[in-house]
Amino acid sequence: MSLKIKRYVVTVILGLFLLIQASCQAEIVYEAITMLSFVPILFTVWFGGAGVFLTTSCLAALLDIAFVMVQRYNRPRLLRLIQKQSKRGTI
């Protein structure tokens, strides 16, 4: 292998691991945002309209849970890609 290809391989490995790390961090952030999306329900005491606050909080939580599911779906696929490429010798 030439030096140029070896540098490329190291860069690809590092990039995939950083992508997996970023997906873990994003999952944690989205889980926190999901929990925080129910905080506006506390404002029903002052503003009333509990139905509106409850509806928007639930919809926001569902939207954020969808992103958590995407992160959990893609992470094992990325790990399998790294294993497959390392066995093949291309990474």
Side-chain angles (χ1 to χ4, degrees):
M1 256 189 197
S2 71
L3 184 59
K4 186 176 180 181
I5 292 174
K6 286 181 183 179
R7 275 193 223 146
Y8 173 75
V9 169
V10 170
T11 304
V12 170
I13 291 172
L14 182 62
L16 287 174
F17 282 118
L18 289 175
L19 183 63
I20 291 171
Q21 181 183 14
S23 75
C24 291
Q25 292 171 348
E27 180 182 344
I28 291 169
V29 168
Y30 281 118
E31 288 172 347
I33 292 172
T34 300
M35 291 183 278
L36 291 174
S37 67
F38 292 102
V39 170
I41 295 174
L42 299 174
F43 290 105
T44 60
V45 174
W46 296 284
F47 296 111
V52 174
F53 282 107
L54 184 63
T55 302
T56 56
S57 293
C58 288
L59 290 175
L62 285 174
L63 183 66
D64 290 325
I65 294 249
F67 289 113
V68 170
M69 291 171 57
V70 167
Q71 300 299 329
R72 288 188 182 180
Y73 175 76
N74 284 331
R75 192 175 316 113
R77 296 179 73 199
L78 289 170
L79 289 171
R80 280 196 308 268
L81 175 67
I82 289 174
Q83 290 173 351
K84 183 178 172 183
Q85 295 296 329
S86 64
K87 284 180 185 176
R88 214 190 256 172
T90 55
I91 289 184

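All values below were derived from every heavy atom in this structure, side-chain atoms included, with hydrogens, water molecules and symmetry-related copies excluded. Keep in mind that this is a model prediction, so the values were computed, not measured.
Counting side-chain heavy-atom gaps under 4.5 Å among Ile, Leu, Val, Met, Phe, Trp and Tyr, the cluster of M69 also holds I65. Side-chain heavy-atom separations under 4.5 angstrom define the hydrophobic clusters, and M35 shares its cluster with no other residue. Under a 4.5 Å side-chain heavy-atom cut-off, the cluster of Ile, Leu, Val, Met, Phe, Trp and Tyr residues that includes V70 has no other member. Apart from I41 itself, the hydrophobic cluster it occupies contains F38, L54, where clustering links Ile, Leu, Val, Met, Phe, Trp and Tyr at side-chain heavy-atom distances under 4.5 Å.
Residue pairs meeting the salt bridge (charged side-chain N to carboxylate O under 4.0 Å, His left out) criterion with at least one member in residues 36-53, sequence neighbours excluded, do not occur. Each salt bridge (charged side-chain N to carboxylate O under 4.0 Å, His left out) pair with one or both residues in residues 26-41, not counting sequence neighbours, appears once here: E27-R72, E27-R75, E31-R72. Screening residues 11-25 for salt bridge (charged side-chain N to carboxylate O under 4.0 Å, His left out), with sequence neighbours left out, gives no hits. Sequence neighbours left out, not one pair with a member in residues 39-66 passes side chain to side chain donor-acceptor pair (under 3.5 Å). Within the structure, salt bridge (charged side-chain N to carboxylate O under 4.0 Å, His left out) pairs that include any residue of residues 11-26 do not occur (at least two apart or interchain).
Scanning for ring-ring contact (aromatic ring centres under 6.0 Å, His included) contacts around F17 gives an empty result, with sequence neighbours left out. Residues passing the ring-ring contact (aromatic ring centres under 6.0 Å, His included) test with F53: none are found, sequence neighbours excluded. For V45, the side chain to side chain contact (heavy atoms under 4.5 Å, CB included) test picks out no residue, with sequence neighbours left out.
Linking ILVMFWY side-chain heavy atoms closer than 4.5 Å, directly or via other members, places L36 and V29 in two distinct hydrophobic clusters.
The CG atom of L63 sits 13.0 Å away from atom SG of C58, with the distance rounded to the nearest 0.5 Å.
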